[in-house]
**Q** 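Following this message is one structure expressed as structure tokens.
Hydrogens, waters and symmetry mates are skipped; everything else that's a heavy atom, side chains included, is used.
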Amino acid sequence: MSKTNKIDDRFKKFGTVSFTAITKTNDFIDYLEQGKVAGTRCRDCGTSFFPPRADCYRCLDSHMEWFEVTGTGKLVTYSKLEYGPVGFEKDLPYRIALVDYGDYKVFGRIADAVPDEAVKIGMDMKTTVNRLPNKQLNYVFQPA
Amino acid sequence: MGKVGIIGVGQSAFVRQYPGSIRELAFEGFKNAMKDARMTVKDVDASVVCSAPEYDKQRSPAGVFAEYLGLNPQPTFYVESLCSSSSMGLRLAYSLVRSGLHDVVAVIGFQKMSEISSSESQERMGRGADIQWESPFGTMMPAYYAMYARAHMDAYGTTPEDLALIRVKSATYGQLNDLAVYRKPVTFEMFSDPDHRMAAPVASPLRVGDCCANADGSSCIIVANEEKAKAFCPKPVWILGLGAASTSVNLAGRDLFTGLTVAQEAARQAYAMAGIGPGDIDVAEVHDCFTIAELMAYENLGFAKPGQGKELIRSKETYKEGTIPVNVDGGLLSKGHPIGATGGSQIRTIVLQLRGEAGAIQVKDPEIGLVHNIGGVGLYGNVTILGR
Ligand SMILES: [Zn+2]
């Protein structure tokens, strides 16, 4: 075995602080780099997964393909944080939210540029890739 | 097979910073429960130790405690389900006793949260959620529960004022509880004063006053088979029903945001096992880590229909004199929430109520009590029904 085998730790780029480096869903980061938010779909049973997963518990197999999160979903709920965990202080305040796309839901942040008054449960939102000031990548929700 | 009883209950004071080590903290709850059970360590056949391990430097505390508490060479077990660890520990003790494997089991819950800063502790609690897909967005426990609060308000017209009423009730009883970390009065007016600390936003729509405080503490419940329970204890309290459930850790994997499915499912199981319904409960302890959590518990346990929880608190029906007294020991909001010890403290309160030994907070002649204990943001749910 070569000592130069590199560890695939792409996932450490996800979010302000990533708590995971190694996952079989590391291609998620490549999609983010391309401006795409992607989930996985089981090629055997057709189930869509977001967040993406490498394995299908229905089929007990791992035949996944990637799909892009496109179109709009509806805002299910949200909260604006005035305090954050260690490592997130510079982001404050920010709003975390859940958006329902029908086949799946997406958990993330509402874009900082969206004023509080414009945020209403049930509103149509789209999911877009966002590059953070610390060069990390995440995605945010914007009014559709 | 016979019944399974609770024959001893104890807890330490819940405090901001316990001046001792975790084994010394565990001793406090254990000592009180053993004295309550009139037992010596030779009478205990096994121990179950419950906590969330990320707060401890000590690996595998169960082995350390078993020696410190004089419970060698008996076997010891470690149980973790975040904030519901000691209710899950009670479930394990029940099955160990019911199976006939052990006659008497001590369930020891503890948490010493003060060794890390409040923000670090929040970060650890955030990591009780999905660290791969949610924590990178900067999530925290109050914000998750705030998302439920926001959805509940939007769906049912529940208001921040309703949530304030829950905190006011909690403080009413917290002032009577010598073991509670927060014993100061809290008034409704504090929440409408923007300069008051209680009204300061934490994660909208939740404010400081909507959140329980971290605390250090320990609790202990002594569980026994029917024969030993009757031999040792003049007033055993019987475990009539147990329910436990889990769900998706990631909110994206859930469908309900106005209540906790794990509480609904655990309640369904516990009521079925006990052969009773919500109307039979005389006194309850629910997991009010946040005010909204208590309001949702009213609905998820069937004390109120979905959306009607606010009516219960507005009409004071969950006060001591009401139709269904809830958290008349001050709840987590007043007592504080030492993760692994919390469920044991809730069980202790209900046992004392059923024995008629609850003092200033005694509800009138209760026969059946319920404990609702939630782990994480509705990730784990435990409901326990106890009777005289
Ligand atoms: Zn499949």
**Q** Contact part of A/Phe49 toward chain B, heavy-atom cut-off under 4.5 Å: side chain, backbone, both or neither?
**A** neither

**Q** Measuring heavy-atom distances to chain A, does B/Phe257 have an atom under 4.5 Å in its side chain, in its backbone, in both, or in neither?
**A** side chain

**Q** Can A/Lys120 and B/Asp154 be counted as an ion pair, charged N to O under 4.0 angstrom?
**A**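 Salt bridge flag = no for B/Asp154 with A/Lys120.
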
**Q** So which residue, A/Leu132, A/Leu98, A/Thr16, A/Asn138, ends up with the most heavy-atom pairs under 4.5 Å with chain B?
**A** A/Leu98

**Q** Counting heavy-atom pairs under 4.5 Å with chain B, which one of A/Phe107, A/Phe14, A/Phe50 comes out on top?
**A** A/Phe107

**Q** Which pair of heavy atoms, one from A/Gly84 and one from A/Tyr94, lies closest together, and at what distance?
**A** CA-OH, 3.8 Å

**Q** Identify the two heavy atoms, one from B/Pro338 and one from B/Asp216, that lie closest to each other, and give their separation to 0.1 Å.
**A** CB-C, 3.9 Å

**Q** Going by an N to O cut-off under 4.0 Å, is there a salt bridge joining A/Asp116 and A/Arg95?
**A** yes

**Q** Quick check on the interface: out of A/Thr25, A/Ile121, A/Val17, who has the most heavy-atom pairs with chain B under 4.5 Å?
**A** A/Ile121

**Q** Which region of A/Tyr83, side chain (C-beta onward) or backbone (N, CA, C, O), has a non-hydrogen atom less than 4.5 Å from a non-hydrogen atom of chain B, or is it both or neither?
**A**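 Both parts, backbone and side chain.
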
**Q** Answer yes or no for B/Arg59 and B/Tyr78: cation-pi contact, defined as NZ/CZ to six-membered ring centre under 6.0 Å and angle to ring axis within 45°.
**A** no

**Q** Among B/Ser204, B/Ala149, B/Gly253, B/Ala203, who wins on heavy-atom pairs under 4.5 Å with chain A?
**A**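 Ranked by heavy-atom pairs under 4.5 Å with chain A, first place is B/Ser204.
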
**Q** Against chain B, label A/Pro52 side chain, backbone, both or neither, depending on which of its atoms sit under 4.5 Å from a heavy atom there.
**A** both

**Q** Look at A/Asp100, A/Val99, A/Thr23 and state which one has the largest set of heavy-atom pairs under 4.5 Å with chain B.
**A** A/Thr23

**Q** My understanding is that only one of B/Tyr148, B/Tyr145, B/Tyr144 makes a ring pair (Phe, Tyr, Trp, His ring centres under 6.0 Å) with B/Phe290; could you say which?
**A**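 Among B/Tyr148, B/Tyr145, B/Tyr144, the one meeting ring pair (Phe, Tyr, Trp, His ring centres under 6.0 Å) with B/Phe290 is B/Tyr145.
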
**Q** Please look at A/Tyr104 and chain B and tell me whether the side chain, the backbone, both or neither of the residue comes under 4.5 angstrom of a heavy atom of that chain.
**A** neither

**Q** Looking at chain B, which one of A/Gly15, A/Ser18, A/Ser79, A/Ala97 has the largest number of heavy-atom pairs inside 4.5 Å, strictly under?
**A** A/Ser79

**Q** Please identify, among B/Ala146, B/Ala155, B/Pro201, the residue contributing the most non-hydrogen atom pairs under 4.5 Å to chain A.
**A**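 The option with the most such pairs is B/Pro201.
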
**Q** Could you report the tightest heavy-atom contact between A/Tyr101 and A/Thr70, atom names first, then the distance?
**A**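 Nearest pair, atom of A/Tyr101 first, then A/Thr70: CE2-O, 3.3 Å.
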
**Q** Looking at CG of B/Asn300 and CD of B/Gln264, how far apart are the two atoms once the value is rounded to the nearest 0.5 Å?
**A** 5.0 Å

**Q** Can you tell which of A/Val106, A/Leu81, A/Val76 has the highest number of heavy-atom pairs within less than 4.5 Å of chain B?
**A**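 That would be A/Leu81.
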
**Q** Under a 4.0 Å threshold between the charged nitrogen and the carboxylate oxygen, would B/Arg167 count as salt-bridged to B/Asp288?
**A**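 No.
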
